Amino acid sequence: MRLAPTPEEQLFARTARELLAARCAPADVRAGFSPDRWRALGGIGATGLLVPEEYGGLGLGPGSDGHGPGGQHLGGQRLDEPPLGAQALVALTEEAGRACLPEPLLEAAVAAVLLGGLPKGADLLRGLAEGAVTVAVSLPAQDPARGPGPVPASASASVPASEPAGQPAVAHAAYADHVLVVTEDGELREAGAGPRTPVAGVDPNRGLARVADGGGRVLAREWEAAAGKAARLGAIGAAADLVGAAAAMLERTVEYAKGRVQFGSPIGERQAVKHRLADVLLAVEFARPVVARAAYAYDHGLPSAARDAAMAKVFANEAAGKAARGCLQVHGAIGYTDEYDLSLWLRRVWALSAAWGDSTRHRAAVTADLFAQDGPSPSCPSR
Amino acid sequence: MRLAPTPEEQLFARTARELLAARCAPADVRAGFSPDRWRALGGIGATGLLVPEEYGGLGLGPGSDGHGPGGQHLGGQRLDEPPLGAQALVALTEEAGRACLPEPLLEAAVAAVLLGGLPKGADLLRGLAEGAVTVAVSLPAQDPARGPGPVPASASASVPASEPAGQPAVAHAAYADHVLVVTEDGELREAGAGPRTPVAGVDPNRGLARVADGGGRVLAREWEAAAGKAARLGAIGAAADLVGAAAAMLERTVEYAKGRVQFGSPIGERQAVKHRLADVLLAVEFARPVVARAAYAYDHGLPSAARDAAMAKVFANEAAGKAARGCLQVHGAIGYTDEYDLSLWLRRVWALSAAWGDSTRHRAAVTADLFAQDGPSPSCPSR
Amino acid sequence: MTDLSFSAQQDAFRREIRDWLARRVPREPLPSMDTADGFRAHQEWERTLYEAGWAVVGWPEEYGGRGVGLDEWLIFEEEYWRAGAPGRVGQNGIFLFAPTVFAFGTDEQRARVLPPMARGEEVWAQGWSEPEAGSDLANLRARAVRDEARGGWRLSGQKTWSSRAAHAHRLFGLFRSDPGSRRHHGLTYFMVDLAAPGVTVRPVRQLDGEAGFAEVFLDDVFVADRDVLGEAGEGWRIAMSTTGSERGLSLRSPGRFLAAADRLLDLCRLRPEQAAPHRDAVADVWMRAEAYRLYTYRTVTRMREGKESGPESSLNKVFWSELDLDLHDIALRVLGAEAERCGPWLDGYLFALAGPIYAGTNEIQRNVIAERLLGLPREPRR
Amino acid sequence: MTDLSFSAQQDAFRREIRDWLARRVPREPLPSMDTADGFRAHQEWERTLYEAGWAVVGWPEEYGGRGVGLDEWLIFEEEYWRAGAPGRVGQNGIFLFAPTVFAFGTDEQRARVLPPMARGEEVWAQGWSEPEAGSDLANLRARAVRDEARGGWRLSGQKTWSSRAAHAHRLFGLFRSDPGSRRHHGLTYFMVDLAAPGVTVRPVRQLDGEAGFAEVFLDDVFVADRDVLGEAGEGWRIAMSTTGSERGLSLRSPGRFLAAADRLLDLCRLRPEQAAPHRDAVADVWMRAEAYRLYTYRTVTRMREGKESGPESSLNKVFWSELDLDLHDIALRVLGAEAERCGPWLDGYLFALAGPIYAGTNEIQRNVIAERLLGLPREPRR
């Protein structure tokens with residue numbers, strides 16, 4: 001039994017962190033999507049983690065042992081024990097959250113799962129691995145912990161009455177080069193050239209847009225199983241992103257609380273501030289192993305993998321929500337201004353905790369599993 | 001519009017408070033039921049608030065204007081505007097909670113509602129009004145906000161499997177002179193001479209006991225409506241008791257926090273303690289008008305009366321629960337000892353928040369009303 | 001006796017405002033009051049209110065009000081927010097500043113300041129906070145230097161988080177008029193024309209995307225003696241009466257939260273399946289809105305019967321600000337995946353986030369509750 | 001690589017303890033360990049554990065253990081609590097004191113103290129708190145005066161909240177051996193025989209009705225030099241290693257909470273209608289128990305790889321104590337009206353209420369987290 005990042009995984013994360021430290025400062029985040037940064041991320045292998053090696057990716061997806069001879073490892077470095085796909089992904093998306101990265105790194109990984117070994121997807125996969133193209137992904141509303149199934153009535157109800165049915169807003173679709181859609185009847189399509197209508201959202205870097213129905217080409221049919229896996233990977237990757245964002249907000253807020261003097265001493269001396277930030281740290285530190293376990297369970301196909309993914313998103317949502325509320329409150333009015341950098345993470349957290357399944361949906365999945373007729377899925381390890 | 005105690009109501013409460021200050025100190029509370037104190041409460045009219053005047057009570061129940069010529073008012077004082085029944089009751093039970101009174105004052109009022117004008121109940125009512133006898137009350141499990149109805153399956157499930165069915169523990173039945181039972185099919189009975197088996201509970205002064213089935217005499221049939229009203233009055237009276245208990249714990253804890261020195265200064269200087277106790281005060285102060293409104297709605301038969309009663313119990317449970325948790329934590333280990341007086345109120349609160357409908361049941365009643373097909377009951381005043 | 005009914009006159013008052021609102025509330029929401037266009041549209045709405053006698057119902061008739069009591073004010077507010085009427089662009093002036101003018105202003109000042117405020121012509125911004133004086137309001141540094149020759153004062157310094165200042169006409173606030181003074185001594189309460197020479201207003205965008213507040217830089221701005229409120233050096237005492245209003249009853253009437261709670265029920269009825277897991281939580285916030293109403297009734301009763309509202313207003317402020325946040329938080333939970341999209345509930349949530357911060361953070365308020373209501377000892381100060 | 005599986009040997013170890021427990025755990029719960037009868041019954045159970053080699057699995061074999069690692073200890077604890085085995089009357093000694101004896105004791109002390117502890121023959125009580133030294137542990141006043149003639153010390157003073165002391169045999173704790181010293185200087189770590197002349201033990205009943213702790217009065221109690229642990233005057237440093245254990249990993253293994261969470265699920269299955277409104281809340285606490293397990297796996301991994309467990313143990317303590325309380329709170333909500341009746345869930349709730357208080361209140365722990373993990377400045381002290 002071992003639950004901690006290996007030196008290899010730490011190197012992996014550090015490589016990404018150094019790149020983002022150089023190229024993704026708050027001013028860069030405000031500028032939004034950057035093709036240069038995306039290509040740089042491609043250069044270190046981050047955009048092609050799960051892309052098969054024959055298409056230029058790292059080939060860390062399941063079914064690959066990560067040791068293929070042609071394997072180009074992160075940052076060009078050869079790792080003895082590269083983490084498997086989801087575990088590599090969470091190391092990266094935690095850094096993306098920490099840096100508030102605008103680009104759709106998570107979507108690239110999800111797209112690689114969706115496209116799998118489909119020959120029709122080869123060009124897109126090659127482009128992703130290079131960081132030459134971006135992709136947005138629209139999955140049918142589903143319970144990510146249960147795998148795909150019929151769309152619940154609540155999903156269609158989530159489209160405001162004034163909007164065209166069947167056109168939910170898709171993240172990053174406002175600018176992505178490609179949009180992959182899994183339809184409600186299980187077709188994997190690449191959206192056609194129809195209009196994409198931007199939709200205002202709390203985080204401008206999410207690039208929400210509605211994608212016109214119809215047109216485009218069908219890449220595969222009966223693709224429900226892959227869509228379910230993709231949704232789970234999305235939830236896990238988003239969870240790690242949220243944990244990274246929460247940690248970044250906490251760090252900034254601690255610095256602020258040390259320096260901000262009111263009533264003759266730093267506000268960070270006072271218990272109300274201390275205990276609130278201690279609670280944020282608690283939430284972050286206890287979410288992290290939960291996310292790590294979900295990634296491990298995904299990579300190894302454990303029986304509890306679906307529930308573990310749901311649990312990871314619940315814990316990450318909770319930690320990030322607590323961080324957002326607590327860090328804003330400790331900052332006071334300055335945190336409430338758009339020009340202060342904290343707002344970048346606040347927006348990210350508010351958006352991402354609603355996306356890839358909100359807490360309500362994921363908690364319901366855990367509840368359903370725990371109260372199932374035949375008992376909960378066995379945890380790993382045996383209990 | 002006016003929502004505040006009148007000078008008369010304040011006098012009413014003060015009379016009770018003075019009696020209890022003299023006769024219900026913590027050492028007296030530990031000694032449990034006292035026939036002398038009960039008779040003294042009878043002497044000021046507290047045990048016969050809702051007992052009709054012809055039986056020696058104050059006759060503050062609905063249908064009486066409280067001004068009957070023979071009316072003996074609280075503490076022998078003539079009040080120009082005596083509060084109506086439930087409003088008088090909450091003024092008293094708040095004091096009972098504050099003093100941690102062992103005797104079944106609330107049950108006396110509930111019994112008066114149950115017995116109404118029944119000739120068969122005359123002797124019992126006379127005895128209650130004098131403070132000569134005590135009564136315990138067992139009502140069928142029901143949703144107090146909805147009035148009586150079929151016993152939900154959950155109520156029978158609340159009897160542990162190892163115990164005789166239909167014999168829930170009845171508060172104060174271990175020592176009460178009389179036990180009134182409304183059966184599941186709506187009969188009002190006085191329990192017979194069968195054995196009463198004491199049941200251990202968190203608060204020894206609750207005198208829990210199981211009451212043997214059968215025997216006794218039938219006082220009335222088809223008594224569901226009265227039982228429903230009685231349950232609502234019980235919930236409202238218990239709510240006020242809990243608010244009083246919460247206020248008493250808060251006062252004691254403030255004194256403790258002022259005097260307890262750790263790290264060179266009183267713990268009450270620190271924000272963790274301050275903010276926690278501030279939250280208790282918030283809960284208490286916002287619960288009080290909610291309880292007052294429920295009593296008013298009961299007395300005036302407002303359409304929202306059932307929901308208002310449920311809401312009062314939810315708020316009082318919440319306030320008392322917060323007070324118990326917060327005051328214990330501020331005290332630390334000494335609060336955790338049985339010999340320290342705080343424990344008296346802790347036990348009362350834990351017991352009483354589960355009795356007369358716990359928060360789950362009352363919240364469900366409010367929820368059911370708010371989400372009813374035909375919309376929520378109108379609040380008072382018109383909104 | 002407790003009496004939760006209203007009189008026949010009050011019921012008639014309720015019907016009158018309800019009918020008027022039903023006819024006059026704009027069908028489409030006005031643009032944000034923190035944009036130039038929206039500001040003008042909101043000023044026009046204030047004028048409409050004024051002409052019908054609804055702008056300042058509690059003020060004396062001579063200043064444009066109806067001279068009604070607190071009960072009627074509560075009724076007005078319940079109906080106003082229930083009808084979904086526009087936010088009040090004049091709110092800072094009407095609710096925070098006007099009570100001070102009534103209490104401390106001269107007749108001349110009242111006549112000059114209040115009517116254009118009531119008509120929506122002059123919108124006032126507050127000038128309390130400074131970069132080093134947020135929660136610690138007594139740490140003010142912006143200064144006022146006596147100009148005997150011109151019969152007034154010259155103000156310099158920086159004010160921050162001044163709501164509405166981006167488009168407002170005038171500012172009220174405190175300046176340090178005694179250069180040797182510390183903390184809450186030596187402060188004077190001024191009214192400043194934001195168009196005066198030496199004033200620079202820098203709008204600051206908020207989380208909701210609009211310039212809801214601004215920084216105001218003052219560089220040797222002349223203010224005549226007639227724009228001093230009360231005595232020089234008495235500013236703190238005077239201002240405290242205003243922040244009392246801000247934290248207390250007036251700024252946040254129960255009507256706002258009752259209306260939001262009812263809209264939340266509507267949302268749940270519209271989306272029953274999404275709402276199902278949240279019904280108990282919805283009932284909880286709905287009950288809290290009701291509790292706030294009842295608590296306010298108690299406060300109003302006490303005020304009518306001559307009790308001062310003192311530190312109790314801190315209880316109020318903590319309660320409504322956390323209720324408002326939770327109300328909107330639950331609405332966003334009901335919305336689920338849609339919660340990240342701009343819309344009224346998201347806007348309301350972002351707005352509500354400011355509640356626990358402004359007008360004295362909730363941390364400060366809990367200190368006040370603990371020290372002044374419970375009697376716990378003051379925090380050690382360095 | 002992360003690897004959440006266990007080795008074949010570890011699986012075999014799990015099967016062995018699971019089978020043993022299935023056969024040996026008493027069918028009826030033992031009487032409370034804080035009664036005289038229950039204390040004896042629990043001592044006998046410790047002896048049974050010892051004889052099968054399960055009393056102190058992590059200790060070296062020469063002291064009665066199996067010398068296994070942390071993974072096996074976690075497995076043992078998971079199985080132990082899942083089987084509903086009795087509470088450990090020797091817990092204070094085994095988990096809080098023994099690590100200190102291993103680290104600071106002499107060979108003679110280890111040989112003398114540890115085996116009877118492992119066999120359940122000698123039960124140890126802790127002697128930390130005093131009336132004026134609760135959260136502020138360094139404010140100790142109980143004193144040790146040198147008795148050169150007899151080669152030892154004479155102890156006087158009062159210890160409070162000493163768990164198990166009502167029936168225990170010996171006490172470990174700190175005394176002020178340098179009369180001029182202050183705070184955490186000049187303290188010495190002693191082992192005291194509770195049957196020695198001059199010792200008075202006054203049992204104190206707890207909320208759960210039993211004398212779970214006691215006050216210990218010492219009046220000129222002689223303790224020989226061989227019962228000093230480590231160097232005189234070094235007591236604070238030595239004790240901190242023990243409180244580290246208390247707050248950290250060892251006292252509260254995930255097994256306890258995993259077992260309680262599973263019992264909560266069982267309760268819900270037994271009473272589905274009562275549980276229905278609480279299913280999401282049940283899932284939340286169940287997930288928190290799982291998270292505590294995973295977090296502990298991370299801690300164990302780090303310790304195995306040579307990282308010290310320092311202030312991180314405060315995160316642990318806050319998390320498990322609040323989890324334990326919430327687990328039992330929700331069970332009582334499921335029980336509804338029945339919650340006021342004595343039973344295992346009420347007992348568990350009352351027990352859990354002590355969690356946020358002892359071993360350093362959660363307020364102190366959050367200060368530690370904020371100051372030592374986040375680096376926020378220390379509180380001002382008078």
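Model, not experiment: these values are computed from the prediction. Naming convention: chains lettered A, B, ... in sequence-line order (proteins, then strands); numbering from 1 in each chain.
In this structure, the separation between CZ on C/Arg341 and CG on A/Leu208 is 7.5 Å, given to the nearest 0.5 Å. Separating the CG atom in C/Leu350 from the CG atom in A/Leu346 is a distance of 9.5 Å, to the nearest 0.5 Å. With rounding to the nearest 0.5 Å, the separation of CD in C/Gln274 from CZ in A/Arg361 is 8.0 Å. Note: C/Phe213 CZ to A/Tyr336 OH = 7.0 Å, rounded to the nearest 0.5 Å.
By the 4.5 Å heavy-atom criterion applied to side chains, A/His331 and C/Ile357 are not counted as neighbours. C/Glu340 is not listed as a side-chain neighbour of A/Leu352, based on a closest heavy-atom distance of 4.5 Å or more.
Contact tally against chain A (heavy-atom pairs below 4.5 Å) for C/Gly134, C/Ser129, C/Gly212: the top residue is C/Gly134. Chain A forms the most heavy-atom pairs under 4.5 Å with one residue out of C/Leu325, C/Asn139, C/Asp329, and that residue is C/Leu325. Interface summary for chain A: among C/Ala354, C/Gly209, C/Ala276, the most heavy-atom pairs under 4.5 angstrom belong to C/Ala354.
Residues passing the salt bridge (Lys or Arg N to Asp or Glu O under 4.0 Å) test with C/Glu363, sequence neighbours excluded: A/Arg276. Residues forming a salt bridge (Lys or Arg N to Asp or Glu O under 4.0 Å) with C/Arg372 (at least two apart in sequence, or on another chain): none.
Contacts of A/Leu328 with chain C are made by both backbone and side-chain atoms, with heavy-atom separations under 4.5 Å. Using a 4.5 Å cut-off between heavy atoms, A/Arg260 touches chain C through its side chain atoms alone. In this structure, chain C has a heavy atom under 4.5 Å from the backbone of A/Val261, while its side chain stays farther away. For A/Ala351, the parts lying near chain C are the backbone and the side chain together; criterion is any non-hydrogen pair under 4.5 Å. With a threshold of 4.5 angstrom between heavy atoms, A/Ile334 approaches chain C through its backbone and through its side chain. Heavy-atom distances place the backbone of C/Ala133, and not its side chain, under 4.5 Å from chain A. Contact annotation for A/Asp358: only side-chain heavy atoms (C-beta onward) come within less than 4.5 Å of a heavy atom of chain C.
Among the candidates C/Leu332, C/Asp208, C/Leu207, C/Leu346, the single residue satisfying the side chain to side chain contact (heavy atoms under 4.5 Å, CB included) test with A/Val202 is C/Leu346.
A donor-acceptor contact shorter than 3.5 Å links the side chain of A/Gln262 to the backbone of C/Glu132. A donor-acceptor pair under 3.5 Å links the side-chain atoms of A/Gln329 to the main chain of C/Pro356, judged by distance alone.
When all heavy atoms of A/Phe263 and C/Ser135 are compared, the closest pair comes out as CZ-O, 3.5 Å.
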Evaluate side chain to side chain contact (heavy atoms under 4.5 Å, CB included) for C/Val204 paired with A/Tyr340, printing each intermediate quantity in order.
CA-CA 10 Å; C/Val204 177; A/Tyr340 190 77; over 6 Å; no
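Enclosure of atom CZ in C/Arg288 by more than 12 non-hydrogen atoms of other residues, nucleotides or ligands within 6.0 angstrom is indicated.
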